[in-house]
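Read through the structure below, which is laid out as structure tokens, and then see the notes.
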Amino acid sequence: MSGADLLVRGGRVVGLDGVRAADVHIRRGSVHAVGPELAVPAGTPVLEARGRLVFPGLIDPQVHFREPGMEHKEDLASGTLAAAAGGVTSVLEMPNTKPPTTTPELLRDKVSRARGRTYSDHGFFLGATAQNADRLGEYEAEPGCCGVKVFLGSSTGDLLVPDDATLERVLRSGARRVAVHSEDEYRLRERYAALPAGTSVRQHPEVRDVECALRATRRLLDLAERTGRRVHLLHVSTAEEIALLRERRLGDLVTAEVTMNHLFLAAPECYESHGTLAQMNPPVREPRHRDALRAALADGTLTCIGSDHAPHTLAEKARPYPESPSGIPGVQTILPLLLLAVRDGWLRLPDVVRVCVTGPARVWGIQAKGELASGVDGDLVVVDQEERGPLAREWLRSRAGYSPFVGWSLAGWPVATVLRGHVVYAQHAVGAAGARGEVLRFG
Ligand code: DOR
């Protein structure tokens with residue numbers, strides 16, 4: 001792994017235990033020491049943090065970067081640049097590309113496409129199908145593979161494992177945790193078939209209703225328990241699923257994740273303000289769901305945040321519902337939104353590290369990432385809490401070019417992102433170090 005020397009001087013370092021005034025000394029890409037007024041070898045490059053907050057680099061465990069096949073929406077370079085611009089130094093990328101990532105060869109193709117072009121470290125999910133279900137145990141050992149992803153309900157692309165028999169084959173093949181998009185395909189089909197003419201995006205939360213999500217999640221938990229296979233519930237969207245997770249008490253067998261969209265937007269207002277730009281699967285729902293998800297993130301029922309960064313072009317989004325594609329870009333806005341949560345008192349600064357760094361690192365067994373401490377990769381982000389916004393469209397680096405959060409007043413913005421000692425992004429521009437992303441290691 002390539003790494004550089006750097007002293008990040010005079011910041012306030014955020015960890016799981018709190019915030020402390022400290023320098024961070026990175027040597028050959030790894031954290032060497034964290035502490036006040038560190039002595040470093042002459043000639044070590046210095047990044048002045050000047051009392052600003054310093055977080056370990058965020059890990060976004062759910063992004064769709066569209067390469068290969070849909071590079072007009074995003075590619076590995078533009079997607080990881082948006083990540084770096086938001087203080088995200090590691091991403092796990094989803095398999096619903098064209099072609100979908102369903103074989104070791106296709107996964108290797110992504111790893112090789114990423115070489116020398118990316119601004120964050122990266123791992124790739126394999127997509128489960130009826131065809132590869134029994135071979136996933138062998139496939140998931142491929143270097144750069146973070147695990148297997150199952151779509152229980154259709155979303156963007158055609159990856160799908162709708163039935164329990166195939167899902168059980170997937171869960172019985174391999175040992176690593178399996179990520180699941182949990183909406184029930186059979187109920188989705190019934191509901192789309194019965195859609196009255198003129199249905200608008202405002203009805204999206206009823207079209208893909210609470211029962212779609214709850215039914216699939218119940219089935220998934222039953223099968224996880226029966227097979228003993230660890231699963232990870234992606235983008236939980238309902239208060240009912242939170243109640244179910246609490247009631248079933250499955251511990252580490254089932255971990256779960258939430259998006260910033262489900263934490264910060266709510267129906268019907270988001271559809272009135274943003275139309276199909278707020279359309280995603282599973283849908284953003286009424287405020288009671290948002291409030292239950294916030295409480296579940298704060299109390300640890302939800303293990304981590306994933307943006308589900310899902311870019312589509314504005315022209316594609318402008319198609320009439322339901323032909324308008326689902327998905328909202330978001331890898332760049334996780335940290336700024338979490339700073340609003342801290343300002344508003346429903347999360348604390350150490351929670352940001354828990355849900356965006358140590359949580360995802362633990363769920364996916366990501367090596368050498370985590371809290372800023374001796375030996376981990378020197379990945380960090382410096383935040384200027386004086387930046388109060390409004391969030392400007394020109395700051396966005398995703399090819400999608402929009403966000404439902406443009407115009408929001410901020411409580412801080414990432415001003416420098418460091419990947420293994422290299423400044424990869426600073427002050428709204430690519431850092432001198434250029435594209436330094438490498439493939440993640442899992443264990
Ligand atoms: O809204 C979504 N968009 N949900 C998904 O599960 C997939 C994603 C995409 O790839 O566009």
Side-chain angles (χ1 to χ4, degrees), residues 60-76 78-79 82 91-102 110 124-128 148-162 178-185 188 192 201 204-205 207-209 212-213 216-217 220 232-238 241 256-265 267 270-271 274-285 305-319 321-331 333 398-400 402-404:
D60 186 345
Q62 193 189 173
V63 298
H64 302 266
F65 284 165
R66 312 300 192 199
E67 179 176 349
M70 293 174 283
E71 290 87 345
H72 67 287
K73 298 178 196 268
E74 195 83 285
D75 67 15
L76 291 165
S78 62
V91 294
L92 303 184
E93 207 264 346
M94 286 294 164
N96 57 334
T97 41
K98 271 187 191 161
T101 320
T102 52
K110 278 193 174 172
F124 299 103
F125 279 98
L126 272 168
V148 167
K149 158 84 179 274
V150 174
F151 282 89
L152 290 182
S154 308
S155 192
T156 300
D158 45 21
L159 282 172
L160 187 62
V161 173
V178 174
V180 182
H181 178 123
S182 187
E183 290 183 285
D184 185 278
E185 178 66 11
L188 287 175
Y192 276 101
V201 70
H204 193 53
V207 175
R208 301 177 84 108
D209 67 357
C212 285
T217 297
L220 176 68
H232 183 70
L233 201 51
L234 298 167
H235 40 46
V236 179
S237 67
T238 69
E241 288 166 283
E257 159 180 329
V258 63
T259 76
M260 302 311 291
N261 305 319
H262 293 101
L263 292 171
F264 278 87
L265 302 175
C270 66
Y271 301 107
H274 304 288
T276 57
L277 296 185
Q279 177 191 333
M280 69 169 293
N281 303 330
V284 174
R285 307 182 190 279
I305 284 175
S307 69
D308 192 13
H309 178 82
H312 299 284
T313 66
L314 283 167
E316 290 161 345
K317 283 296 229 178
R319 286 189 213 132
Y321 184 86
E323 282 96 59
S324 44
S326 290
I328 306 173
V331 68
T333 44
S398 165
R399 208 160 270 172
Y402 59 85
S403 157

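Note that ligands are numbered from 1 as they come in the structure, with each ligand's atoms numbered from 1 the same way.
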### Message
Between Lys110 and Glu67, does any NZ, NE, NH1 or NH2 come within less than 4.0 Å of an OD or OE carboxylate oxygen?
### Response
no
### Query
Hey, looking at atom 2 (C) of ligand 1, which of Pro95, Gly157, Ser326 has the closest heavy atom?
Ser326
### Query
Near Ala310, which atoms of ligand 1 are under 4.0 Å from a heavy atom of that residue?
3 (N), 8 (C), 9 (C), 11 (O)
### Query
Does His312 reach ligand 1, in the sense of a heavy atom lying below 4.0 Å from it?
yes
### Message
With a cutoff of 4.0 Å, is Gln62 in contact with ligand 1, counting heavy atoms of the residue only?
### Response
no
### Task
Give the C-alpha distance, both sets of side-chain angles, the deciding distance and a yes or no for side-chain hydrogen bond (donor to acceptor under 3.5 Å, both in side chains) between Gln279 and Thr276.
CA-CA 5 Å; Gln279 177 191 333; Thr276 57; 5.1 Å; no
### Query
side chain to side chain donor-acceptor pair (under 3.5 Å) with Asp308: which of His181, His64, His262?
His64
Please report which non-hydrogen protein atom sits nearest to [atom], along with the residue it belongs to and the distance in Å to one decimal place.
atom: atom 5 (C) of ligand 1; answer: Ser155 OG, 3.0 Å
atom: atom 1 (O) of ligand 1; answer: Asn281 N, 2.8 Å
atom: atom 9 (C) of ligand 1; answer: Thr156 OG1, 3.1 Å

### Query
Will you find, in the side chains of His312 and Glu74, an N or O donor that is under 3.5 Å from an N or O acceptor?
no
#### Entry: Test side chain to side chain contact (heavy atoms under 4.5 Å, CB included) applied to Pro68 and Leu76, Asp75, Thr97, the passing residue
Thr97
### Short N or O distance, Phe151 and ligand 1, threshold 3.5 Å exclusive
no
### Query
Can an N or O of Gln279 be found at a distance shorter than 3.5 Å from an N or O of ligand 1?
no
### Message
Tell me if the aromatic rings of Phe65 and His309 count as close, with their centers under 6.0 Å from one another.
### Response
yes
